[in-house]
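First the structure, in the form of structure tokens, and then the observations on it.
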Amino acid sequence: MKRPLKVIVVGSGVAGMAFAHRLSTLMKKGDVEIHMLSKAPPETSNSHAAQGGVAAVIDPADSWEQHRDDTLAVGAGRCDPEVVERVVREGPACIRELLAIGARFDTDAQGHLDAAHEGGHRTPRVVHHSDHTGAELVRVLQGQVKGTAHITVTETLFALDLLVTDGPDGRRCNGVRTIDIRTGAIREHFSDAVVLATGGAGQVYRHTTNPIGATGSGVAMAVRAGVPLRDMAFVQFHPTALYDPQRKGAFLISEAVRGAGAVLLRPDGTRLMEGLHPMADLAPRNVVARAIHTVMREQRVPHVRLDATRIGAVRFAREFPMIMKHCMGTGLDPTKEPIPVMPAAHYLCGGIRTDAQGRTLLNGLYALGECAGSGLHGADRLASNSLLEALVIPRYAASSVMTSERNAPIPEDVEVGRSSFADEDPAVIAALGELRDLMMDRVGIVRDDAGLQVASSSIARIQQFVVDQWAGGGHSMDLYELRDLVLVAQAICEQAIAEPFSAGAHWNRDRQTRASTGNGGPDTSGSSRSIMHHEALK
Ligand code: SIN
């Protein structure tokens, strides 16, 4: 009799849970064991924080072809068209399946699904649960996962490294090494397939909308195992994080607020996006973020303003209750006065290179969601395509994992050491701070060749610091995270240096866009639609 297939999923956000749920419906108990390992519960994930929603074609006047074209346009010629087509075509089916398992999405007075409008979309297309759609998806998927006997969930394991063996068929991933954040026990867990769904890496930047756990562990583990990445230069900055004078956080003000009619204002009260792009406040995010960055730099102001008063108090409170509550908690009433906003690092468009089934270039290893570079997003991500990706690609990954070979016997999980966590180390905290400032200043919204070179040398120095600290033993939690973040920073910086053109979220003022070279490159509408503001935004 065949032993059960053993699959490890690292991460507990929407992509990981969607995968586990799908596989558990394809294979019955006794045929598969799915072990979900994460360092924290799903409520702390980037998915849970997602406000906007799931981009999907639900209006008969809309079409998957238009969704595809908007995705390709914002991706500025760098998307994989096959992946784009596959993902956007499945949007409606995903929404139907979510409804079938109990997801609650907003509806209009006739009971039809309500679609919000966000940047880069030519039409309202974002299915949502008021302004906390991610939390709703986590709720509904968590219910499925926790109610399934052949899925186990452990939420105290920080993944350290992939286990890789050399076999007759080449290198293969056969498990992960973790550290238990309560006890310090270091364990090796073996499996037939490993699925990385570790989320984003926004914590590599000083200002980010991401939660504290977004430290790029999956990407870093892939780098250490020699697994190729792609599109790492493309880090999306969300145009509107609430400005916090204490600089303690960057609470997201959803783009759906602009979709409902809010507009960005310069310090003198004039419209910021008017005349800069045909889609104005709903231009692709890289365009809007760069426009705000330019105003902030030129006018030496720490923020611009978002005027949502035109939405009306009743509608604002109904559609954006969480944003309302947060703003009011900081003494700002968005229904009465324009609120201060600034761009903040939001989404890693690239990641661990995968195909449309989530397969990486290492046998046995899959990557899903934000840690993956599937080619869907290209040089910039169309708003709310990330939750869609996190729901669609896991379906294909589950079908692929199902057919995994299970020839070799799998060793039992084993404890291989124990580490007591060292206290906070001021030198490590200072290095983390330096890395985040460096990334913000030199590898942020607008880059240049000299700045990228400075960043590259500084990152190499911080990398050496990490190596020295690591050799010294007694690792603090900050050191574990810095070890990952510095590799993510290095990958972003190296790929930014290697990019010959500016495109989408990678804007190097020393490099032209492919469109502006006139060399017959692809229609980079994220850029070409914005051609009129290129000079203004450099
Ligand atoms: C937002 O609500 O503005 C964020 C949604 C997304 O990142 O796609």
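Just follow the structure's listing: the first ligand is 1, and inside any ligand the first atom is 1. Atom set for the values below is all heavy atoms of this structure, side chains included, hydrogens, waters and symmetry mates excluded.
No close placement of the H238 and Y347 rings is indicated, their centers lying 6.0 Å or farther apart. Under the 6.0 Å cut-off for aromatic ring centres, F237 and Y205 qualify, their centroids lying closer than that. Separation of the F105 and H129 ring centroids does not fall under the 6.0 Å cut-off.
Residue P343 forms a side-chain contact (heavy atoms from CB on, under 4.5 Å) with just one option from T209, V304, I292, and that option is I292.
Ring planes of F234 and H506: perpendicular class, angle over 60° (limits at 30 and 60°).
At least one N or O atom of R381, backbone or side chain, sits closer than 3.5 Å to an N or O atom of ligand 1. Polar contact with ligand 1: absent for A383 (N/O pair, distance under 3.5 Å).
Between S384 and E118, the side chains place a donor N or O and an acceptor N or O closer than 3.5 Å (distance only, hydrogens not considered).
Proximity of H238 to ligand 1 is established by a heavy-atom distance of less than 4.0 Å. A heavy-atom separation below 4.0 Å is found between R285 and ligand 1. Under a 4.0 angstrom heavy-atom cut-off, S384 registers as being in contact with ligand 1.
Protein heavy atom at the shortest distance from atom 2 (O) of ligand 1 is S254 OG, 2.6 Å.
R96 has no carboxylate O lying under 4.0 Å from a charged side-chain N of E90, or vice versa, which leaves the two without a salt bridge.
Annotation for ligand 1: atoms under 4.0 Å from non-hydrogen atoms of E118 are 1 (C), 3 (O), 5 (C). Using a 4.0 Å cut-off to heavy atoms of E255, the atoms of ligand 1 that qualify are 1 (C), 2 (O), 3 (O). Atoms of ligand 1 found under 4.0 Å from any heavy atom of H346, numbered from 1 in the order shown, are 4 (C), 6 (C), 7 (O).
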